[in-house]
Novice: 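Here you go, one structure.
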Amino acid sequence: ERGSRAARVDAVVIGAGFAGLYMVHRLREMGLSLRAFERGGGVGGTWYWNRYPGAGSDSESWVYSYSFSDELVQGWQWSRRFPGQAEILRYLEYVADKLDLKPAFDFDTAVTGATYDEQRALWTVETETGERVEARYLITAVGCLSSAQVPAIPGRDSFEGEQHHTGAWPHAGVDFSGKRVGVIGTGSSAIQAIPIIARQAAHLTVFQRTPQFSVPNGNRDLGPEEQARLRRDIRQIRETCKWSSIGQPYDFSSVGAFDVDAEERQRQYEANWQKGGFEWMFGSYKDLLVDEAANATAADFVRQKIREAVRDPAVARKLIPQGYPIATKRLPLDAGYFETYNRDNVVLVDLRETPIQEIVAQGLRTSEKTYPLDIIVFATGFDALTGPLTRLGIRGRGGVTLGEKWAAGPRTYLGVSTADFPNLFMITGPGSPSVLGNMPTSIEQHVEWIADCIDYLRAHKAATIEPTPDAEEAWVAHVNELADKTLLPRADSWYMGANVPGKPRVFMPYIGGFGAYRKLCAEVAAERYRGFSIG
Ligand code: NA7
């Protein structure tokens with residue numbers, strides 16, 4: 001079948017996750033010819049790859065989904081407040097089948113390059129199978145956290161046991177029973193996985209470089225009554241998400257932390273702690289991410305919770321984060337993370353005291369000793385936001401790659417486009433709000449904006465669109481200026497590129513809020529694509 005596929009199309013879409021599936025659907029409905037490539041063997045994106053124990057979304061299930069089709073919404077029932085990986089993957093399979101999207105994709109086919117031909121205003125996309133496809137529009141739907149980052153620890157290849165990165169987990173699963181397991185990293189992925197691995201393995205050693213604040217997720221089954229209520233109210237709930245700051249349906253607080261006294265603050269934090277989820281942060285006080293002293297009240301509350309949860313004070317001390325404001329590294333949500341350290345079969349190694357030296361055949365050696373291990377889990381994160389894009393080998397005008405253009409940090413206009421790369425659209429690219437909230441909300445907005453833009457170009461018989469260098473410059477400055485008004489640039493986070501050695505330190509997402517961003521994008525379109533040059 002593949003041989004009969006078109007070598008010249010209107011659009012190429014890369015990726016079959018939330019973004020790629022919807023983009024393909026929209027373009028097909030508009031009557032465009034297209035090819036779509038996915039490096040995985042099926043749909044799902046993040047949820048195809050991240051199959052580690054405990055993997056799941058930290059966004060409430062009823063908003064972690066598409067809202068564009070009532071039929072899709074009403075035809076699906078979530079079972080839990082926070083959906084696990086398997087359920088989300090089933091959901092995306094359901095959508096792909098319902099909209100008949102799978103036949104549009106070439107699976108197991110990574111894109112290895114894309115070159116812009118200025119003369120003909122066409123992209124030539126190359127795949128790992130050696131195929132070349134020409135297209136007017138190139139649309140990346142490759143996600144923000146899809147380029148796994150494995151640290152260059154000496155001796156990694158000499159390890160005789162199994163080693164896995166959380167973001168490239170074996171589909172057959174990993175059998176931890178009776179095994180000595182080491183987890184490197186304590187980010188969101190590790191914090192989801194550790195309690196479960198601890199219950200399955202004979203022994204677990206956690207290698208921690210930076211302690212994390214974490215908040216309970218308060219996950220639960222959704223009962224029939226709640227499900228019925230959600231089905232009834234879902235349109236309104238989704239509308240709230242669209243215009244909220246992080247694409248979530250919370251009661252965002254309009255009160256500052258010091259508008260109330262210490263006792264009231266404690267009561268409020270505790271009440272929201274019992275609810276669980278990000279609402280603990282965003283529903284408590286409005287100034288937690290901008291005011292250092294306000295932030296410290298939240299941080300101290302969590303520190304106290306850690307002291308209460310962990311029996312051994314020496315272990316608790318190692319787990320308590322210091323030196324960066326809470327939620328300036330992405331706040332993890334957990335189900336019994338800190339309590340896991342009370343188990344007899346779990347040991348915490350503080351890498352700030354005893355750094356990793358090397359991986360050896362039988363385990364991992366720190367400056368203190370060798371830990372014998374059968375399995376090493378790299379929960380070491382991703383080359384976030386830019387990594388998934390730069391590795392595609394996209395070359396714009398003059399053969400310049402995205403990686404070269406972004407050597408000092410990503411440069412985009414609205415996070416969706418970049419100068420000298422005409423007709424390239426990046427769904428949830430750097431400089432968009434995406435990773436600072438509920439991804440499907442972001443994705444739908446971008447897909448719809450891109451579809452409308454392509455519609456406009458076709459209606460006006462325009463061959464190309466790209467941002468002006470001035471508009472791009474102004475956007476990059478705006479993104480930085482907004483970030484600098486917050487505490488977020490203060491932490492060594494993947495938002496800042498700090499987790500990848502050598503990556504420039506730039507706060508990459510747009511922090512002005514989903515609603516404000518949506519409004520701005522709509523205005524740009526209404527003003528005949530202000531800031532873009534159309535040719
Ligand atoms: P994260 O949040 O980037 O976490 C990675 C963890 O791995 C973090 O604790 C890192 O410590 C640690 N790490 C990274 N490199 C090393 C080395 N070389 N040695 C020791 N420890 C290391 O990735 P996740 O997959 O957990 O989560 C990514 C996002 O996915 C998450 O935020 C959600 O948005 C979904 P560090 O803090 O850098 O010192």
Side-chain angles (χ1 to χ4, degrees), residues 49-55 148-212 214 306 309-321 332 334-382 499-501:
W49 297 102
N50 285 265
R51 300 182 188 226
Y52 61 85
Q149 177 71 17
V150 179
I153 301 172
R156 205 162 60 78
D157 294 339
S158 69
F159 185 58
E160 286 174 0
E162 289 177 50
Q163 46 178 307
H164 306 289
H165 186 281
T166 51
W169 203 255
H171 288 196
V174 175
D175 183 5
F176 292 106
S177 53
K179 300 284 170 55
R180 296 162 303 178
V181 182
V183 171
I184 305 177
T186 51
S188 291
S189 300
I191 284 176
Q192 289 185 336
I194 282 167
I196 298 173
I197 296 175
R199 289 198 288 271
Q200 295 174 357
H203 191 272
L204 170 63
T205 310
V206 177
F207 298 92
Q208 169 189 274
R209 184 164 71 180
T210 310
Q212 268 279 21
S214 183
I306 299 171
V310 180
R311 275 200 294 273
D312 181 340
V315 177
R317 231 181 345 266
K318 289 183 191 175
L319 285 167
I320 290 173
D334 73 274
Y337 171 65
F338 292 114
E339 291 79 358
T340 299
Y341 293 95
N342 295 332
R343 297 176 61 99
D344 292 340
N345 68 336
V346 177
V347 164
L348 177 68
V349 177
D350 186 340
L351 298 177
R352 294 166 309 178
E353 290 168 5
T354 55
I356 295 176
Q357 302 286 316
E358 62 172 338
I359 291 174
V360 295
Q362 306 302 325
L364 191 149
R365 189 169 69 76
T366 68
S367 59
E368 183 195 20
K369 65 178 215 180
T370 298
Y371 293 84
L373 300 170
D374 303 306
I375 302 175
I376 297 178
V377 174
F378 288 93
T380 45
F382 301 88
N499 64 323
V500 177

Novice: My understanding is that only residues two or more places apart in sequence, or in another chain, count here; which of them pass side chain to side chain contact (heavy atoms under 4.5 Å, CB included) with T354?
Specialist: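 Scan of T354 (side chain to side chain contact (heavy atoms under 4.5 Å, CB included), adjacent residues dropped) gives V349, T366, S367, E368.
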
Novice: Please enumerate all residues that pass side-chain hydrogen bond (donor to acceptor under 3.5 Å, both in side chains) together with N50, with sequence neighbours excluded.
Specialist: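 Listed in chain order: nothing, the list is empty.
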
Novice: For A190 and P195, which heavy atoms make the closest approach, and how far apart are they?
Specialist: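 Distance-wise, the nearest heavy atoms are O-CD, 4.5 Å.
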
Novice: I need the full list of side chain to side chain donor-acceptor pair (under 3.5 Å) pairs touching residues 166-175, with sequence neighbours left out, sorted by first then second residue.
Specialist: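 Listed once each, the pairs are R51-H171, D175-S177.
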
Novice: Over all heavy atoms of both residues, which pair between A193 and Y52 is shortest? Give the atoms and the distance, please.
Specialist: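 In terms of heavy atoms, the two residues are closest at CB-CD1, 3.8 Å.
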
Novice: Please name all residues satisfying side-chain hydrogen bond (donor to acceptor under 3.5 Å, both in side chains) with Q200, sequence neighbours left out, ordered by chain then number.
Specialist: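 So Q200 forms no side-chain hydrogen bond (donor to acceptor under 3.5 Å, both in side chains) with any residue.
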
Novice: Locate the shortest heavy-atom distance separating G185 from V206; write the atom from each residue and the value.
Specialist: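 Smallest interatomic distance, heavy atoms only, reads O-CG1, 4.4 Å.
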
Novice: Taking only residues two or more places apart in sequence or in another chain, which ones pass side-chain hydrogen bond (donor to acceptor under 3.5 Å, both in side chains) with Q362?
Specialist: E160

Novice: Taking side chain as C-beta onward, heavy atoms only, is L364 less than 4.5 Å from I184?
Specialist: yes

Novice: Which heavy-atom pair separates Q149 from P501 by the least distance, and what is that distance?
Specialist: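 Shortest heavy-atom separation between Q149 and P501 comes out as NE2-CD, 3.9 Å.
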
Novice: Going from OH on Y371 to CD1 on I376, what distance comes out if it is rounded to the nearest 0.5 angstrom?
Specialist: 13.0 Å

Novice: Which distance, rounded to the nearest 0.5 Å, do you find between the CD of Q357 and the NZ of K369?
Specialist: 14.5 Å

Novice: Under 4.5 Å between any side-chain heavy atoms of S189 and H165, yes or no?
Specialist: no

Novice: Which heavy atom of I191 sits nearest to which heavy atom of S214, and what is that distance?
Specialist: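 In terms of heavy atoms, the two residues are closest at CG2-OG, 3.7 Å.
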
Novice: Got a second to check how far R156's CZ is from Q163's CD, nearest 0.5 Å?
Specialist: 5.0 Å

Novice: I need the single residue from L319, V347, D312 that forms a side chain to side chain contact (heavy atoms under 4.5 Å, CB included) with Y341. Which is it?
Specialist: L319

Novice: Of all heavy-atom pairs between A316 and I306, which one has the smallest distance, and what is that distance?
Specialist: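 In this case the closest contact between A316 and I306 is O-CG2, 4.3 Å.
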
Novice: Taking D374 as the fixed residue, which of R180, K179, H203 is the one that meets the side-chain hydrogen bond (donor to acceptor under 3.5 Å, both in side chains) rule?
Specialist: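 Of R180, K179, H203, side-chain hydrogen bond (donor to acceptor under 3.5 Å, both in side chains) with D374 is met by R180 alone.
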
Novice: In Å, rounded to the nearest 0.5 Å, how long is the span from CZ of R199 to CG of N345?
Specialist: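 Interatomic distance, R199 CZ to N345 CG, rounded to 0.5 Å: 11.0 Å.
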
Novice: Do I375 and F176 make a side-chain contact, defined as non-hydrogen atoms from C-beta onward lying under 4.5 Å apart?
Specialist: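 Result yes, sub-4.5 Å side-chain heavy-atom pair found.
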
Novice: Among all residues two or more places apart in sequence or in another chain, which pass the salt bridge (Lys or Arg N to Asp or Glu O under 4.0 Å) test with R311?
Specialist: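 R311: no salt bridge (Lys or Arg N to Asp or Glu O under 4.0 Å) contacts found.
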
Novice: Has the side chain of E162 got a donor or acceptor atom that lies under 3.5 Å from a matching backbone atom of V174?
Specialist: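 Side chain of E162 to backbone of V174: no pair is present.
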
Novice: Just how far is it from atom CG of D334 to atom OG1 of T340, taken to the nearest 0.5 Å?
Specialist: 8.0 Å

